[in-house]
Amino acid sequence: MATLDHTFYQQHDTLTLAQLLLGCELVHENAEGTTAGIIVETEGYLTDDPACHAYRRQTTRNAAMFGLAGTLYVYQIYNHYNCINVVTRPEGVGEAVLIRALEPTEGLELMGLRRNEAFKTGFERYRNNTIDATTADGQRNLANGPGKLTIAMGINRAHDNFSSLITGPIYIRGPVLHDFDMVTTTRIGLTLGADLPYRYYINGNRFVSKK
DNA sequence: ATTAAGATGGCCT
DNA sequence: GGCCATCTTAATT
């Protein structure tokens with residue numbers, strides 16, 4: 001399936017893109033190997049939306065959100081976990097789609113190694129936790145949340161903020177899942193804009209972070 | 001089943 | 001000084 005290009009990212013408004021990205025495949029190729037997963041859960045963040053990091057003005061933290069459509073915005077949540085967003089609108093606007101969960105498709109073993117390494121180093125706090133990527137339950141737990149998926153995919157803010165999804169090495173391939181029902185709900189973990197229905201996920205998919 | 005609580009620490013006002 | 005776009009375990013219905 002073709003890599004999504006700048007035209008695609010620029011062509012649609014943010015909430016439409018949040019829906020169109022469901023079923024597409026996020027890929028990261030680096031020296032460790034290739035990991036990939038189907039996007040099963042997203043949230044839109046708009047420039048006139050009080051929960052959006054770009055709501056007030058551009059700062060060093062949110063600068064990537066004001067970049068070209070197709071830029072990756074990586075931020076730290078609770079200054080610990082990383083979360084990744086796809087910048088959507090033209091330069092200077094400040095809108096993005098948060099990728100909240102993946103159904104792993106490639107490099108599951110490497111994803112498991114990364115998660116287990118994070119437990120070992122204490123980046124993930126519960127040091128005696130381990131993930132067995134050969135079991136169904138282990139696979140479900142690899143990337144079923146925004147903080148977990150960045151670890152599994154080997155993405156962090158220092159290296160990958162401002163990265164271009166158009167040129168890689170992190171990129172998104174066009175839809176690999178087509179026939180599914182989409183659920184629209186309110187977003188997770190915020191108080192501002194909590195009533196806005198900007199969260200989308202694939203109905204019945206067991207890799208979605210929360211029902 | 002739902003709720004609470006704690007680790008974590010930079011960024012913005 | 002306050003606010004978090006999280007995740008897990010423990011406690012409570």
On the nucleotide [N], are OP1 or OP2 found under 4.0 Å from the side-chain N or O atoms that [X] carries?
{"X": "A:Arg125", "N": "C:dC7", "answer": "no"}
{"X": "A:Thr191", "N": "C:dC4", "answer": "yes"}
{"X": "A:Lys148", "N": "C:dT8", "answer": "yes"}
{"X": "A:Asn79", "N": "B:dA7", "answer": "no"}
{"X": "A:Tyr78", "N": "C:dT6", "answer": "yes"}
{"X": "A:Arg57", "N": "B:dC11", "answer": "no"}
{"X": "A:His80", "N": "C:dC7", "answer": "no"}

Between [N] atom [atom2] and [X] atom [atom1], what is the distance in whole Å?
{"X": "A:Arg56", "N": "B:dT13", "atom1": "CZ", "atom2": "C1'", "value": "8 Å"}
{"X": "A:Leu196", "N": "C:dA5", "atom1": "CG", "atom2": "P", "value": "14 Å"}
{"X": "A:His53", "N": "B:dG10", "atom1": "NE2", "atom2": "P", "value": "16 Å"}
{"X": "A:Asn82", "N": "C:dC7", "atom1": "CG", "atom2": "P", "value": "11 Å"}
{"X": "A:Asn156", "N": "B:dG9", "atom1": "CG", "atom2": "P", "value": "15 Å"}
{"X": "A:Leu142", "N": "C:dT8", "atom1": "CG", "atom2": "P", "value": "12 Å"}
{"X": "A:Leu190", "N": "C:dC3", "atom1": "CG", "atom2": "P", "value": "15 Å"}
{"X": "A:Tyr73", "N": "B:dC11", "atom1": "OH", "atom2": "C1'", "value": "10 Å"}

Residue whose nearest DNA chain B nucleotide is more 5′ - A:Thr59 or A:Tyr81:
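Final value for this comparison: A:Tyr81.
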
Out of B:dC12, C:dT9, C:dA5, which has the shortest distance to the side chain of A:Tyr126?
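The answer is C:dT9, which lies nearest to the side chain.
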
Between C:dT6, C:dC4, C:dT8, spot the one nearest the side chain of A:Glu124, thanks.
C:dT8

Write down the distance separating the P atoms in B:dG10 and C:dT8, rounded off to the nearest Å.
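Straight-line distance between the two P atoms is 22 Å.
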
For the CE atom of A:Met111 and the CG atom of A:Asn141, what is their distance to the nearest 0.5 Å?
13.0 Å

Atom CZ in A:Arg140, atom CG in A:Asn205: separation rounded to 0.5 Å?
11.0 Å

Who pairs with C:dG2 - Watson-Crick or G-U, where each distance is under 3.5 Å:
B:dC11

For A:Tyr198, which of A:Thr42, A:Asp49, A:Val97 qualifies under side chain to side chain contact (heavy atoms under 4.5 Å, CB included)?
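The side chain to side chain contact (heavy atoms under 4.5 Å, CB included) with A:Tyr198 is passed solely by A:Asp49 among A:Thr42, A:Asp49, A:Val97.
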
Side chain of A:Arg61, base of B:dG10: donor and acceptor closer than 3.5 Å?
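Counting by modelled atom types and ignoring angles, no donor-acceptor contact under 3.5 Å is found here.
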
Do we get A:Arg187 above A:Tyr45's six-membered ring, with its NZ or CZ under 6.0 Å from the centre and within 45° of the axis?
yes

So, A:Thr135 versus A:Asp132: side-chain donor-acceptor pair below 3.5 Å or not?
no

